[in-house]
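Labels below follow one simple rule: chain letters A, B, ... track the order of the sequence lines, proteins then strands, and each chain is numbered from 1.
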Amino acid sequence: MAQQIKIKPRLAKGFRDFLPSEMLKRQYVIDTIEGVFQLFGYEPLQTPVLELRDTLFGKYGEDAEQLIYSAQHGRSKSDEVAMRYDLTVPLSRVVAQYENDISFPFRRYQISPVWRGERPQRGRYREFFQCDADIVGVSGMEADAEIISVMNTVYQRLNLPQPIIKINNRKLLTGMGVFSDVIDSQLPDLYRSIDKFDKIGAEGVEKELIERGIPGYAVKRMMDLVQIRDEGNLNLNLLERQIGHIEVANEGIDELRSMAMYLDALGVPQSAYEFDFTMVRGLSYYTGPIFETIIQEPNLGSITGGGRYDNLIGLFRRESLPTVGTSLGIERIIDIMTELDLFPSHVADTVVDILVTVFDDETQIASSRLASQLRKANIRAELYMSDGKFKLGKQFAYADKKGIPLVATLGPDEVANGRVSIKRLSDAKEVDVLQADVVDAVVGLMQIEF
RNA sequence: GUGGGUGUAGCUCAAUGGCAGAGCACCUGAUUGUGGUUCAGGACGUUGUGGGUUCAAAUCCCAUCAUCCACCCCA
């Protein structure tokens with residue numbers, strides 16, 4: 001037979017496979033987040049990978065739009081489709097489409113992959129999971145505060161080191177622009193530069209603003225405002241003194257004050273968040289409070305993004321609905337947890353509790369029966385399979401390599417006496433018990449294991 | 001999209017113009033009823049790909065692809 005040409009196994013740029021031991025970590029993080037979402041009363045929603053092109057375009061701003069994957073079928077002449085870029089716009093579509101079937105306020109969560117055609121980097125991929133929780137239909141700050149509380153609870157349960165939730169308000173940014181006499185067309189440039197504050201510092205931002213043609217006095221006013229930093233609400237007071245007379249800014253300040261009050265009631269300590277007037281966020285649909293979370297060390301970029309977007313749903317129906325939500329990026333969370341080794345010990349490399357070995361052809365049936373007996377007791381048992389090669393050493397090495405904690409052996413001696421031998425690999429403790437008692441023995445050995 | 005680094009065994013990397021190597025992983029045995037440790041042996045390569053310079057190229061040059069980093073932007 002002619003030599004087949006082999007296809008080199010590889011993936012498209014920015015896409016990844018997850019092998020079993022990695023999937024178990026991912027599932028741990030996802031399960032934790034999902035548990036918190038449900039704890040706060042959010043309910044699951046699933047939407048398709050593909051959306052109509054028109055659903056996605058015109059929502060994210062020009063820069064972001066260029067990153068949307070189109071997904072056309074070769075012969076399809078009808079609907080133009082694209083891959084979802086986030087979970088927020090699909091939610092808005094769903095709300096507008098099924099308003100009669102939904103009770104408001106609508107709290108939904110969705111944990112799904114999204115796609116962005118960016119250049120991959122550390123902590124950045126073209127396919128990644130977002131975990132979104134949103135409240136549709138509430139304009140009060142109790143909703144925004146709850147979203148922050150959800151985020152905070154997730155960080156606590158995952159034991160993330162010193163997460164800082166940064167909070168700002170689009171209304172404040174607008175007010176600052178007005179106050180500093182920056183014309184509307186220059187506002188995006190202004191925000192973009194301010195957002196880099198952490199990276200390039202005050203001087204850097206100032207320099208960039210001047211280069212973008214914003215007048216010197218406006219830059220100076222802006223820089224003074226943005227750099228206001230004080231404990232808790234105090235920086236709001238300072239800001240109010242300066243730009244409180246501007247209506248939109250005043251609204252923004254009131255909102256943040258109200259939020260702080262609810263956060264306190266929800267048990268989110270002031271140390272968990274800070275009002276940072278240099279935090280911006282690129283997506284254009286935000287209208288009120290905006291949030292972001294960073295981990296200082298290691299810093300892989302923000303692990304959460306979110307905010308209030310009261311006008312987005314209005315693009316899909318006559319009247320909009322006030323909405324606020326957050327999006328947790330598990331890829332970065334997992335990268336951080338991996339780097340700092342934050343996974344609890346029960347997040348193992350395998351789902352298998354015990355490997356049932358097979359001694360030879362004669363005892364194969366007995367081993368199968370034992371595996372079945374264990375499974376009935378809800379013990380995750382793998383029956384060793386090797387196409388007729390029964391070397392026990394091999395089977396133990398296999399269990400060891402996979403990280404399976406227990407190994408059951410039943411050779412001719414055990415079968416003859418109705419017994420089975422269970423060995424715990426971590427400390428080589430081995431017990432010999434009647435087959436009737438095997439479940440108790442396994443449970444006993446597993447409990448000491450942790 | 002712009003700028004830079006790196007591509008050598010399954011993995012991590014040596015070899016600076018002169019025989020392509022090591023560690024780990026893998027396979028066999030010491031140990032035909034028990035893994036991790038040890039010992040002995042074994043298998044593993046078109047040096048990313050294509051071209052050029054040279055008596056001679058993993059090494060120098062050009063192109064191309066992949067990958068990583070920074071910018072842009074972002075979870």
Using whole Å, what does the distance between atom [atom2] of nucleotide [N] and atom [atom1] of [X] come to?
X: A:Gln121; N: B:C71; atom1: CD; atom2: P; value: 7 Å
X: A:Ile68; N: B:G1; atom1: CD1; atom2: P; value: 17 Å
X: A:Glu414; N: B:U34; atom1: CD; atom2: P; value: 12 Å
X: A:Tyr285; N: B:C74; atom1: OH; atom2: C1'; value: 11 Å
X: A:Ile30; N: B:A75; atom1: CD1; atom2: C1'; value: 13 Å
X: A:Tyr125; N: B:C68; atom1: OH; atom2: P; value: 9 Å
X: A:Phe390; N: B:U34; atom1: CZ; atom2: P; value: 16 Å
X: A:Arg126; N: B:G1; atom1: CZ; atom2: P; value: 9 Å

Give [X] one of three labels, base, sugar-phosphate or nothing, depending on what nucleic acid heavy atoms sit under 4.0 Å from its own.
X: A:Glu65; result: nothing
X: A:Ser302; result: sugar-phosphate
X: A:Gln66; result: nothing
X: A:Gln130; result: sugar-phosphate
X: A:Asp86; result: nothing
X: A:Phe129; result: nothing
X: A:Thr304; result: sugar-phosphate

Reading 5' to 3' through nucleotides 35-42 of chain B, protein heavy-atom contacts under 4.0 Å coded B for base, S for sugar-phosphate only, - for none: BB------
Please state the [atom1] separation for the pair [N] and [M] - nearest whole angstrom.
N: B:C39; M: B:G33; atom1: C1'; value: 23 Å
N: B:A66; M: B:C60; atom1: P; value: 23 Å
N: B:U59; M: B:G18; atom1: C1'; value: 11 Å
N: B:A9; M: B:A25; atom1: C1'; value: 11 Å
N: B:A43; M: B:U67; atom1: P; value: 34 Å
N: B:G42; M: B:G23; atom1: P; value: 13 Å
N: B:A15; M: B:C27; atom1: P; value: 31 Å
N: B:A58; M: B:G21; atom1: P; value: 13 Å

Parallel, tilted or perpendicular: rings of A:Tyr109 and A:Phe37 (30°, 60°): tilted
A:Phe359 over B:G33, stacked by centroid distance under 5.5 Å, angle under 30°: no
Side-chain N,O (A:Arg281) to OP1/OP2 (B:A75) below 4.0 Å: yes
Under-4.0 Å side-chain N/O to phosphate OP1/OP2 contact, A:Lys196 with B:C72: yes
A:Gly306 or A:Gly411, whichever maps to the more 5' nucleotide of RNA chain B: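 Its nucleotide being nearer the 5' end, the pick is A:Gly411.
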Given RNA chain B, 5'-ward residue of the pair A:Arg116 and A:Thr409, judged by closest heavy atom: A:Thr409
Any donor-acceptor N or O pair under 3.5 Å, side chains A:Tyr285, A:Asp86: yes
Donor + acceptor pair across side chains of A:Tyr273, A:Asn152 (<3.5 Å): no
Geometric cation-pi criterion, A:Arg26 with A:Phe129: 6.0 Å, 45°: yes
Using a strict 4.0 Å threshold on nitrogen-to-oxygen distance, state whether [X] and [Y] make a salt bridge.
X: A:Arg107; Y: A:Glu146; answer: yes
X: A:Glu382; Y: A:Lys402; answer: yes
X: A:Lys196; Y: A:Glu208; answer: yes
X: A:Glu331; Y: A:Arg124; answer: no
X: A:Arg281; Y: A:Glu292; answer: yes
X: A:Glu255; Y: A:Lys171; answer: yes
X: A:Asp427; Y: A:Arg424; answer: yes

Presence of donor-acceptor pair under 3.5 Å, side chain of A:Gln395 and base of B:G33: no
Donor-acceptor pair (no angle test) under 3.5 Å: A:Arg119 side chain, B:U67 base: no
Under the 3.5 Å Watson-Crick or G-U criterion, the dot-bracket string of RNA chain B, with | for inter-strand pairs: (((((((..((((....[..)))).(((((.......))))).....(((((..]....))))))))))))....
Test side chain to side chain contact (heavy atoms under 4.5 Å, CB included) applied to A:Lys59 and A:Thr88, A:Leu315, A:Ile68, the passing residue: A:Leu315
